[in-house]
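Shown next, in structure tokens, is the structure this report addresses.
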Amino acid sequence: MTTAPNVSVFRRKEDACRQLALDVAGLIESINASGRPAVLGLATGSTPIPFYKALIELHQAGKVSFQQVITFNLDEYLGLPREHPESYWSFMHRQLFDHIDIPADHIHLPRGIVDDVPAHCREYEQAIADAGGIDFQLLGIGRTGHIGFNEPGSPRDSRTREIHLDPITRQDAAPAFGGLDQVPTSAITMGCGTILAARRIALLAFGSHKAAIVKDALQGPITDQVSASFLQEHPDANFYLDQEASAEL
Ligand code: PGA
């Protein structure tokens, strides 16, 4: 069955992120009140930075604690050690984890340096299952339509695995790495199936450069050529957009 995702359009990205941070803080509180940890799936990239800032502000104001939160990040570049400044491990600590009260052993990201990639991916899936599955999954969207690093051609039922990065994705990452030749060629990503198993999903997209792919994701055919289009089939998918990203809807 196709259920239209819920679309909220905000004047500024900061407004969208503040609203989402309040929503997530409320979700954490209600899940913790039921006597179990809340399991959050987290995302990297420039898009979620104001969301993490808003969560940190709520934490500093005493409005949310992360003591009973478990996190799983979507992806990590293969070949980068955790200490590399562009690793998603470094990003997440810089942007969020170093500023909140989450216990270190509640944090999970795929490893960028790993001997047996398929075994590591199976362990990651098992760790998500052992935590009880993901309550809330945060997503950005790449210009290829990827969620996580599920580039065009990623099957609907794909699970955590190695993925070869699309040339557009590598181009978009080139400035941060100081040149295209410095950008890793592959990554480990949760699969589309892993993401779609989350009980609630929020996709953030800001700026006019996201307008065309947001339209494809929400109003185009459901296809593995645009992995975000699979969200049309999720029962609780929510898009938080600014005016520029919603311009073609
Ligand atoms: P961005 O990346 O937030 O840096 O635009 C989004 C993505 O690729 O998912």
Side-chain angles (χ1 to χ4, degrees), residues 5 10 12-14 16-17 20-21 40-55 72-78 80 85-92 94-96 109-110 112 134 136-154 158 160 163-178 180 182-192 194-196 198 201-218 224-231 234 237-248:
F10 296 81
R12 299 179 319 132
K13 64 182 174 187
E14 288 79 9
C17 287
L20 181 59
L40 305 186
L42 298 179
T44 51
S46 57
T47 303
I49 291 176
F51 167 70
Y52 293 141
K53 187 161 177 281
L55 272 187
F72 289 91
N73 263 81
L74 284 166
D75 43 21
E76 180 60 282
Y77 290 112
L78 266 174
L80 293 194
E86 290 306 319
S87 77
Y88 287 159
W89 175 271
S90 294
F91 175 99
M92 286 306 303
R94 215 163 43 233
Q95 299 296 342
L96 181 65
L109 286 91
I134 293 173
F136 168 84
Q137 178 66 57
L138 178 67
L139 300 173
I141 182 169
R143 286 193 301 140
T144 61
H146 70 206
I147 48 176
F149 272 138
N150 289 287
E151 302 290 18
S154 294
S158 49
T160 302
I163 186 98
H164 193 70
L165 297 176
D166 189 276
I168 295 175
T169 299
R170 292 188 66 241
Q171 254 171 37
D172 285 349
F177 278 89
L180 187 59
Q182 301 296 310
V183 182
T185 54
S186 62
I188 291 179
T189 185
M190 282 186 199
C192 295
T194 322
I195 292 168
L196 293 167
I201 295 177
L203 185 147
L204 295 174
F206 306 129
S208 53
H209 63 300
K210 298 287 174 76
I213 197 65
V214 163
K215 178 182 169 59
D216 288 349
L218 281 168
D224 68 8
Q225 294 308 300
V226 178
S227 64
S229 69
F230 293 135
L231 297 172
H234 191 279
N238 304 275
F239 280 53
Y240 291 67
L241 309 175
D242 66 1
Q243 281 172 348
E244 289 80 3
S246 70
E248 294 191 26

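Just so you know, ligand 1 is whichever comes first in the structure, and atom 1 is the first atom listed for that ligand.
Using a distance-only test at 3.5 Å, with no hydrogens or angles considered, a donor-acceptor pair links the side chain of Ser227 to the main chain of Asn150.
Annotation: side chain of His234 is not in contact with side chain of Pro5 (no heavy-atom distance under 4.5 Å). Residues Glu76 and Thr44 are not in side-chain contact: their nearest non-hydrogen atoms beyond the backbone lie 4.5 Å or more apart.
For ligand 1, the polar-atom distance check finds an N/O of His146 within less than 3.5 Å of one of the ligand's N/O atoms. Taking only nitrogen or oxygen atoms, main chain and side chain alike, Ser46 reaches within less than 3.5 Å of ligand 1.
In terms of protein heavy-atom proximity, atom 2 (O) of ligand 1 is nearest to Lys210 NZ, 4.2 Å. Among protein heavy atoms, the minimum distance from atom 3 (O) of ligand 1 is reached at Thr47 OG1, 2.5 Å. Counting protein heavy atoms only, atom 6 (C) of ligand 1 is closest to Ile141 O, 3.6 Å.
Below 4.0 Å from some heavy atom of Gly45 lie the following atoms of ligand 1, by number and element: 3 (O), 4 (O). Listed by atom number, the atoms of ligand 1 under 4.0 Å from Gly142 heavy atoms are 7 (C), 8 (O), 9 (O).
For the side chain to side chain contact (heavy atoms under 4.5 Å, CB included) test with Phe91, the passing option among Leu109, Ile49, Leu96 is Ile49; the others fail.
In this pair, Phe10 and Tyr240 present their aromatic rings parallel. The plane angle is below 30°, not in the 30 to 60° band.
Note that CZ of Phe230 and CD1 of Ile147 are 8.0 Å apart. Values are rounded to the nearest 0.5 Å.
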